[in-house]
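In what follows, a single structure is set out as structure tokens and then discussed.
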8 protein chains.
Amino acid sequence: MPDIGIILGSDSDLPRIKDCFRILDDFSVSYEIIVASAHRTPARAMEWASSARSRGIKVIIAVAGGAAHLPGVVAAHTTLPVIGVPIETKISGGLDSLLSIVQMPSGIPVATMPMGSAGGTNAALFAINILGSSDPAIAGKIETYRKEMAEKIELKNEELKKLGVHDYINTIEDRR
Amino acid sequence: MPDIGIILGSDSDLPRIKDCFRILDDFSVSYEIIVASAHRTPARAMEWASSARSRGIKVIIAVAGGAAHLPGVVAAHTTLPVIGVPIETKISGGLDSLLSIVQMPSGIPVATMPMGSAGGTNAALFAINILGSSDPAIAGKIETYRKEMAEKIELKNEELKKLGVHDYINTIEDRR
Amino acid sequence: MPDIGIILGSDSDLPRIKDCFRILDDFSVSYEIIVASAHRTPARAMEWASSARSRGIKVIIAVAGGAAHLPGVVAAHTTLPVIGVPIETKISGGLDSLLSIVQMPSGIPVATMPMGSAGGTNAALFAINILGSSDPAIAGKIETYRKEMAEKIELKNEELKKLGVHDYINTIEDRR
Amino acid sequence: MPDIGIILGSDSDLPRIKDCFRILDDFSVSYEIIVASAHRTPARAMEWASSARSRGIKVIIAVAGGAAHLPGVVAAHTTLPVIGVPIETKISGGLDSLLSIVQMPSGIPVATMPMGSAGGTNAALFAINILGSSDPAIAGKIETYRKEMAEKIELKNEELKKLGVHDYINTIEDRR
Amino acid sequence: MPDIGIILGSDSDLPRIKDCFRILDDFSVSYEIIVASAHRTPARAMEWASSARSRGIKVIIAVAGGAAHLPGVVAAHTTLPVIGVPIETKISGGLDSLLSIVQMPSGIPVATMPMGSAGGTNAALFAINILGSSDPAIAGKIETYRKEMAEKIELKNEELKKLGVHDYINTIEDRR
Amino acid sequence: MPDIGIILGSDSDLPRIKDCFRILDDFSVSYEIIVASAHRTPARAMEWASSARSRGIKVIIAVAGGAAHLPGVVAAHTTLPVIGVPIETKISGGLDSLLSIVQMPSGIPVATMPMGSAGGTNAALFAINILGSSDPAIAGKIETYRKEMAEKIELKNEELKKLGVHDYINTIEDRR
Amino acid sequence: MPDIGIILGSDSDLPRIKDCFRILDDFSVSYEIIVASAHRTPARAMEWASSARSRGIKVIIAVAGGAAHLPGVVAAHTTLPVIGVPIETKISGGLDSLLSIVQMPSGIPVATMPMGSAGGTNAALFAINILGSSDPAIAGKIETYRKEMAEKIELKNEELKKLGVHDYINTIEDRR
Amino acid sequence: MPDIGIILGSDSDLPRIKDCFRILDDFSVSYEIIVASAHRTPARAMEWASSARSRGIKVIIAVAGGAAHLPGVVAAHTTLPVIGVPIETKISGGLDSLLSIVQMPSGIPVATMPMGSAGGTNAALFAINILGSSDPAIAGKIETYRKEMAEKIELKNEELKKLGVHDYINTIEDRR
């Protein structure tokens, strides 16, 4: 039984949340994925959302862009926590997606994540935070993840000290 | 049988589209009204939208603010033309409502009207334009409406000429 | 006699609404096209708009960018329903085009479509919705179109299940 | 032991999230409240966040406006789920608060709620969704809450039908 | 024969550009005023614009809000310099009016003034700058106007020095 | 003696207003150009502005991006009409440049042109409109320019009719 | 000899930065004030800026709204650190003021403070930070100021605990 | 002992502020650099900020993008002047970074620099302005720097005069 359900308005958004899948895999959290649109296949989206809890799902991640109604429509059909991930567009880099997801009316909450690739990563991590809220083992794994993240930054500081800033910048620019 | 179906996300939006009802009355166009939310009463909204054509409705007007999903959700459940009216909010005066309604994905169109009181007026007039598209009698009524609108402006020009600009401004400011 | 009249402020906008023409063709809806600018050839634009109904046109699609006055100017010269399509610009991805089209004053309605390629597609579909408003045969065709759209999404879900998310993403990225 | 911890950047924000407290009370969910600023009392804010899990807290709600760093700073010091509530400002109605909370970098997630009074309400409801994620009793209470919300809307529809739209609008306007 | 022609989309905008009339009066520049809408009375607006040069008009000031097409439409029907004044709205304080006026396409220029009451004042002054461009007497009057403006500021500095900042602020606040 | 004075904040902006020079050449209007920054060479900019009228200049075009103070600073040092051209930036495509130029305070007017390449073109044309305001010969040349512009559009309509829309689009796309 | 020089584009901005004067007084930092506009009295503003260092001034605070050129123009005429304070306007609550001040070109820096009353307060505090950068006595005073600020917040927490959240909110609302 | 402390939220931002290091080197101002995130390594960032004054640092430059909390968090842990540099993002070109840095609450000031590469340059120059505030030798060096900057612009004017505008533009375009 999957812990996390992931729903996307379009399969073209799958590569943009690549890191979401990678992190869930790293934390050994199981998930199921469906492509369903709030507008093009609304029945499918709602049926999936309504039955999510009965399939053992504990948190839902909903990904959409533009007039991004999917997270809100999913949230209207389940009492599970729904995390919304806005996809970038040309309107101010995705302001339409962001506002369409975050400005939900009183009564039906959606938890909005950042735009862009950070959105996928943080959706996975926030879902894990929820699972870890009452599970110390998962909370411990998050601590480890954060420690490793901090250690990577310290390694960079050491390299920066060793190379000096000008050579370090050259190394970054060469890598591109 | 009503020609127009009007759906609002909240009854508090009714006074903001007052002119919508007034214009439909003036043109003797019949309408039905329902308050139903895409998030709080989604089943009600969808059932109403799905059955609208069978009740003889020819055009739908959907009014919502914030993460304004109602027009899109309604459009996903009917093949009738759906007109969306964004309600003002504090976010840049309603940019969230506007973008949530207008930025629909390919496949499910919604026709967006202006923010504020012009939105209600123009939703009614656009619905009438649709009815008049194949009905010369209604088209004739619109012509008359526009002529009267133009004549009112000409009366103002006459008054402006008579009073001079300074007295005319005083008259406007006194009226407030 | 064409059912739909399409007017563009610049011929450089033609490729951006390619899907508009494809969909009208698919639905066997006839159309005429004119390039006319609200500012550079206003007489041409207005004469075309004023006479549209007499040529049998039932719905007008007007496409423009920047200070996009064309849809409003056309709407001022006809009582037919006018659909406005904003073209992307560099100002927040087209916020100037969008606001110039959508914020029409009370009295002269324009129905605004989304920015970008979805705008062309949905303008065609909304025009067809209008034609289908009182024509069950066209309404039936829209139903079929939507069913096919939904089926394509289901095929993607099947492929996603078969390949798994990582291989599916690779396939998408390879295709680019 | 409180289930929810609520932290606000300023006590002047307390009245704006009134409904947050009312809903938590209605659901009999216990909570503790602290006023602590990411900038003026950072040590206090971080110590509170770091020790929240050990006090039995399962979800944190962090409320702030302007350069709203509090939710992010709190999230950096706990592995509990952190819900951010942006407070309205004069910059586009709070776009600064919203972007400062939602645009978190990869690695440290914050769940952003809508601006304004809906933010407080939905923060409470989302926290309850999290508690209910693995607790069917709480999930049942949410179902009841939603049913009552839907019934209230139906009562309005009945009153609207009874009074007619013009009298109903008068009633709303009189109430103001 | 008037030197300046002023056209407004709505008579309700007259009080907002009060200072425009005051300044033209102060500089003894003659003007004529018409209320004509690009959408509600387009024929009137265009006829007035087309014939403006023949009536001796040298500069046109066009005032409008929202989808503010009037300045552009007027500019399309005359080769006289057209100054556009955007009227405030609720959308970000008039961003719609501003962008609709300023973002004219190549070929038909409009000179955009600031939003709000500064717009009316500066439209008058810019029109006078144009008249003074080849007329040293008018240029001299502008010099005088600017000197007086500077002297008023110096008087304030003297008062500020005399009163001290705290009493000066009290005086300002009392005046309100 | 040059009729037009053109001042740019940076020589890197010269290519962006290429069409400005081309149009002035086409209309045989003489001009002088200076690169001077409101911040890096303010004395130079002000001295140039102050003495412009004495060099026979009748209209000034000032081009700048970002915190685009140059047009305002120039306008503060001359009573000649000053036309401001905003240069595109990454902030919403140049919203910073636009607002910095257009939002001048009461008393010192600047005439703002559109962003991007249309800005250079229209600055030239607006300067010519000013020259033509009292010179029928120049006004006549503008009429000719506009007629040619309209004729080019008509040629496109003819080609569009001949080729049909699909082939016409192919031709455009091939040209790219 | 004053340590701080304060320049405002308009005397109407004086009440908005009231707290700036109060804080400088509290820290016993001397200051001089001038009202001078970048556009209406540019000579005055530049002469004041150029001579500021010779009058013993160590930091300049420049306050302006709209096309807020004053801080940049002042910075171009002194090598002293210049702090810019944007004044609120109707354009998105002052986005024009903010962008006009912050988006300075390479070479001439301006330090931008927040919009609104926080701008005046923080301009004073930042100027004091600069003075304290090399003066431990002043740095000590800032430490004390911050401790008192933190203590005030702790008193609120104590009152909140004593009253409970509902009574505390009532107290706040009564005070209004 | 370094005069300036530079802290970046991510090492990927180092190349974007290249000119910052170049200018500090040119002015022979010593500096230390650390990569530390307000969210991923908050303890490191705060410890570094708290101890900066004791290491002889006189000014801090903090660089961050998105929900850019680093400058504010650093400012909360030191009484030294903190200069914030916003990094460009896709949201309107970095409006999120800018607002997250500039909209600090009363009490803890941060001095905000422009977006993009000008941000790094001006952060260095503003730090030098602070050092030069009480040090005439450094102030003299800034004067020299500005003179050279002005001379470079004059050389461009000479080249422009020599080549003529069309050839000069060709030279620029060839160089790209």
Side-chain angles (χ1 to χ4, degrees), chain C residues 2 4-26 30-48 61 63-70 87-100 115 117 120 124, chain F residues 16 23 65 85-102 112-122 125-126 129 142-176:
Chain C
I4 313 285
I6 301 171
I7 184 165
L8 302 102
S10 163
D11 70 324
S12 64
D13 296 341
L14 279 167
R16 305 206 192 186
I17 60 156
K18 241 178 168 176
D19 290 340
C20 180
F21 307 119
R22 192 183 49 72
I23 286 179
L24 293 175
D25 289 345
D26 287 356
S30 59
Y31 53 94
E32 66 170 47
I33 311 176
I34 186 174
V35 178
S37 158
H39 305 116
R40 286 177 281 205
T41 56
R44 195 77 166 89
M46 290 181 291
E47 167 205 27
W48 181 87
I61 295 172
V63 182
H69 301 180
L70 189 63
I87 290 292
E88 284 168 20
T89 67
K90 293 196 173 164
I91 301 281
S92 300
L95 202 64
D96 49 356
S97 315
L98 175 56
L99 294 175
S100 295
M115 205 83 61
S117 77
Chain F
R16 306 208 192 184
I23 285 179
V85 180
I87 289 292
E88 284 168 20
T89 67
K90 292 196 174 165
I91 300 281
S92 301
L95 201 64
D96 49 355
S97 315
L98 175 57
L99 295 175
S100 294
I101 293 178
V102 81
T112 309
M113 292 293 124
M115 204 84 62
S117 77
T121 307
N122 283 10
L125 290 171
F126 193 75
N129 280 359
I142 307 171
E143 295 281 5
T144 309
Y145 172 85
R146 293 199 176 178
K147 247 172 236 155
E148 287 167 6
M149 198 161 62
E151 282 161 12
K152 270 183 219 151
I153 293 173
E154 275 322 293
L155 287 178
K156 286 176 181 177
N157 275 316
E158 282 166 31
E159 204 190 335
L160 177 58
K161 225 170 237 165
K162 215 173 56 195
L163 293 178
V165 70
H166 299 295
D167 279 2
Y168 192 90
I169 289 177
N170 290 342
T171 316
I172 290 180
E173 292 186 331
D174 285 356
R175 241 179 281 156
R176 282 178 191 168

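Atom set for the values below is all heavy atoms of this structure, side chains included, hydrogens, waters and symmetry mates excluded. Proteins come first, then strands; the chains are lettered A, B, ... in the order of their sequence lines, and each starts at number 1.
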Closest non-hydrogen atom pair, C:G9 against C:S37: O-CB, 3.8 Å

Side chain proximity check, F:L125 to F:Y145, heavy atoms < 4.5 angstrom: yes

Residues of residues 17-26 of chain C with a heavy atom under 4.5 Å from any heavy atom of chain F, in residue-number order, are C:K18, C:F21, C:D25

Nearest 0.5 Å, what's the CD1-CD1 distance between C:I7 and C:I33? 11.5 Å

Can you name the one residue among F:V165, F:L163, F:I169 that meets side chain to side chain contact (heavy atoms under 4.5 Å, CB included) with F:D167? F:L163

Taking non-hydrogen atoms and a cut-off under 4.5 angstrom, which of residues 86-96 of chain F neighbour chain C? F:E88, F:S92, F:G93

Identify, with sequence neighbours excluded, every residue that meets side-chain hydrogen bond (donor to acceptor under 3.5 Å, both in side chains) alongside F:S100. G:S100

NE2 (C:H39) and CZ (F:R146) are apart, to the nearest 0.5 Å, by 10.5 Å

Taking only residues two or more places apart in sequence or in another chain, which ones pass side-chain hydrogen bond (donor to acceptor under 3.5 Å, both in side chains) with C:D13? none

Under a 4.5 Å cutoff for heavy-atom pairs, which residue among F:K161, F:H166, F:K152 has the most contacts with chain C? F:H166

Is F:E148 close to F:T144 at the side-chain level, that is, under 4.5 Å between some pair of heavy atoms? yes

N/O donor-acceptor pair under 3.5 Å between F:N157 side chain and C:V35 backbone: yes

What distance do F:E151 atom CD and F:M149 atom CE have between them, rounded to the nearest 0.5 Å? 11.0 Å

